[in-house]
Amino acid sequence: MNLSRQKEAPLYDALQKFRRLRVVPFDVPGHKRGRGNPQLLEFLGANCVEIDVNSMKPLDNLCHPVSVIKEAASLAADAFGAKHAFFMVGGTTSAVQSMVLTACKHGEKIIMPRNVHKSAINALVLCGAVPVYIDPKVDTKLGIPLGMELADVEKAVAENPDAKAIMINNPSYYGICSNLKAIVELAHKNGMMALVDEAHGTHLYFGEGLPLSGMAAGADMCAISMHKSGGSLTQSSLLLCGDKINEGYVSNIINLTQTTSASYLLLGSLDISRRNLALRGRESFAKVSEMAAYAREEINDIDGYYAFGAELINGGSIYDFDVTKLVVNTRGIGLTGIEVYDLLREEYDIQMEFGDLSNVLAYISIGDRLQDIERLAGALDDIARLYAKPEGAFFSAEYITPIVKATPQEAFYAEKVQLPLKETVGRICAESVMCYPPGIPILAPGEMITDEIISYIELAKEKGCSMQGPESEDISELCVLK
């Protein structure tokens, strides 16, 4: 990384220059720097609405960048150790889908863990590629899926030598990392692309003592959620490409689905955030790691909770662990993670990232403060004291092995019928069902519905998990193949 270059922010500078020029707008957007919508101006402020502008020569065009956006993307590539970087304004969903669409065409195979984000499975619906799922191992005590074991990936490759790519989560929402470098090397040895969903791993490129990043492991493409741990605005992300990727083809793939009216608020935030991480990321993420370690210590002193960390590393299904992830297992106080999540929000004004049936996650990043960590620990102590129940029967895992009967595209576009939840057992699902976050489908199109899956969905609904995916608003019905 060229640190002297990283002090630059060409797109941000161009936007600041544009603001000073006070150009008369006869283009879109129609609010005309907020003058046409006073409430919008009051809500967001002049600094924001004055640079909510359309593409123009001085500001470049995201669909075909030739000047300041191109320069900003080049700086991002340098900062992340990539050959090329694309600015994405459709979130990391668009980056993940662009990776899959680049690697696979209709009927071609892609090897992936079944606990991928819904964006990857939705990409299969779009392009018609065939998933070869690897079932993750499960920690039944913690109720979380783990990483892909190398032996399982080797088996999938041996059985599917015609697969075009392997997708890897690095890290998972729970901080779990697979043996990334070995899987990337296995993919390349067998002529396959290595695609890495690093939605939760921006900090791996800048912090010390953290798991290996995708580009450092030699991956071909990585999807990076800058807005998660990198500090940019929500919905802004990066797509990184390695040496062997045809960036012109990737650009065409991105432009199949990405907007032609990219938000300069998002683009500018990517440029500023990249500069901030390049210049101050090492120091910032050292503090993040320290805060997460302090939080674990404080929380683990409270009876009934277990904030797990690097002690889980086993060299296989948990090859490494992202210590910035603060995941607290709540089974010991007899409450589900989503129940603790709700109590923290409703009684203590603390907003967690998500709660599942066994855990609650605090996303620790560059904007957190030590006093906030102490407030969280104090609230958890209160909840254990005031609301704890005898530990009851919980689901053994957050993952149920699917029975795949059709590809996601075949099932999604097939003739279907909507049935009450209880009547769908034994049928083939034509839509996805998931708790969001984390957005990992409980059911994906093409999978058989079982009694175990129905029980899981009903329990998740009962406990208050935020459910989405089906056409049915209250998840009382599912679309199944006729």
Side-chain angles (χ1 to χ4, degrees), residues 1-6 8-12 14 55 59-104 123 164-168 170 180 184 187-188 192-199 201-202 204-206 212-227 230 232 236-260 262 266-275 277-278 281:
M1 180 167 60
N2 186 334
L3 274 179
S4 62
R5 279 192 70 211
Q6 290 299 324
E8 301 171 11
L11 180 53
Y12 166 74
S55 297
L59 298 180
D60 211 353
N61 189 306
L62 184 62
C63 294
H64 188 78
V66 294
S67 59
V68 289
I69 295 177
K70 183 178 180 179
E71 293 168 23
S74 175
L75 286 165
D78 176 58
F80 283 83
K83 178 191 175 187
H84 193 83
F86 292 92
F87 280 13
M88 309 295 291
V89 294
T92 309
T93 287
S94 62
V96 168
Q97 292 182 343
S98 294
M99 291 196 303
V100 175
L101 296 177
T102 296
C104 302
K164 297 298 180 182
I166 301 174
M167 175 170 277
I168 311 112
N170 187 67
L180 184 60
V184 169
H188 291 164
M192 303 174 188
M193 291 175 62
L195 314 177
V196 184
D197 180 350
E198 285 189 302
T202 305
L204 304 187
Y205 288 83
F206 303 97
L212 189 67
S213 69
M215 281 290 117
D220 296 292
M221 303 178 77
C222 298
I224 306 291
S225 276
M226 280 288 280
H227 67 95
S232 64
S236 58
S237 296
L238 295 175
L239 177 57
L240 307 179
C241 299
D243 293 337
K244 297 178 182 178
I245 299 300
N246 180 345
E247 63 192 60
Y249 181 66
V250 176
S251 178
N252 287 338
I253 291 290
I254 291 170
N255 285 331
L256 290 175
T257 56
Q258 183 153 263
T259 179
T260 55
L266 301 182
L267 296 174
S269 80
L270 283 170
D271 199 24
I272 295 168
S273 299
R274 178 272 314 156
R275 180 171 66 178
L277 293 182

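- The line from OG1 of Thr102 to CD1 of Ile253 is 4.5 Å long, rounded to the nearest 0.5 Å.
- The distance from the CG atom of Leu266 to the CE atom of Met226 is 12.0 Å, given to the nearest 0.5 Å.
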request  = Take Arg5 and Ser74, measure what side chain to side chain contact (heavy atoms under 4.5 Å, CB included) needs, and give me the verdict at the end.
outcome  = CA-CA 10 Å; Arg5 279 192 70 211; Ser74 175; 3.4 Å; yes
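- Considering all non-hydrogen atoms of both residues, Ala194 and Ala187 come closest at CB-CB, 4.2 Å.
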request  = Evaluate the criterion side chain to side chain contact (heavy atoms under 4.5 Å, CB included) for residue pair Met193 and Ile245; output intermediate values, then yes/no.
outcome  = CA-CA 9 Å; Met193 291 175 62; Ile245 299 300; 3.5 Å; yes
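- Between Met88 and Ser98 there is a side-chain heavy-atom pair separated by less than 4.5 Å.
- Summarising the geometry, atom CG belonging to Asp220 is positioned 3.5 Å from atom NE2 belonging to His188; distances are rounded to the nearest 0.5 Å.
- Between Val89 and Thr259 the shortest side-chain heavy-atom distance falls below 4.5 Å.
- Contact of the Thr257 side chain with the Gln97 side chain is not registered, since no non-hydrogen atoms from C-beta on lie closer than 4.5 Å.
- Identified under the side chain to side chain donor-acceptor pair (under 3.5 Å) test for residues 240-252, with sequence neighbours left out: His84-Glu247.
- In this structure, OG in Ser213 is found 9.5 Å from CZ in Phe80, a value given to the nearest 0.5 Å.
- Closest approach of Ala217 and Leu212 over heavy atoms only: CB-CD2, 3.5 Å.
- Within the 4.5 Å cutoff, side-chain heavy atoms of Gln6 are placed close to those of Asp78.
- Contact of the Phe87 side chain with the Leu238 side chain is registered, since non-hydrogen atoms from C-beta on lie closer than 4.5 Å.
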inquiry  = One pair to check against side chain to side chain contact (heavy atoms under 4.5 Å, CB included): Cys241 and Lys83. What are the steps and the verdict?
reply    = CA-CA 6 Å; Cys241 299; Lys83 178 191 175 187; 5.6 Å; no
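- Residues Ser273 and Ser232 have side chains that never bring a donor and an acceptor to within less than 3.5 angstrom of each other.
- Between Tyr205 and Leu277, every side-chain heavy-atom pair lies at or beyond the 4.5 Å cut-off.
- Once rounded to the nearest 0.5 Å, the distance linking CE of Met167 with CE of Met221 reads 9.5 Å.
- Distance alone, capped at 3.5 Å, is enough to place a donor-acceptor pair between the Thr202 side chain and the Ser225 backbone.
- Taking every heavy atom of both residues into account, Ile168 and Ile166 meet most closely at CD1-O, 4.0 Å.
- Side-chain contact between Leu204 and Asn170 is present, with at least one heavy-atom pair separated by less than 4.5 Å.
- We find the CG-OG distance between Asn61 and Ser55 to be 4.0 Å, quoted to the nearest 0.5 Å.
- In plain terms, the two heavy atoms of Ala103 and Lys164 that are nearest each other are O-CB, 3.6 Å.
- Here the closest heavy-atom approach between residue Pro10 and residue Asp271 is recorded as N-OD2, 3.3 Å.
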task = May I have the step-by-step check of side chain to side chain contact (heavy atoms under 4.5 Å, CB included) for Leu11 and Asp60, ending in yes or no?
result = CA-CA 9 Å; Leu11 180 53; Asp60 211 353; 5.9 Å; no
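- A pairwise comparison of heavy atoms in Ala85 and Leu240 identifies CB-CD2, 3.8 Å as the closest pair.
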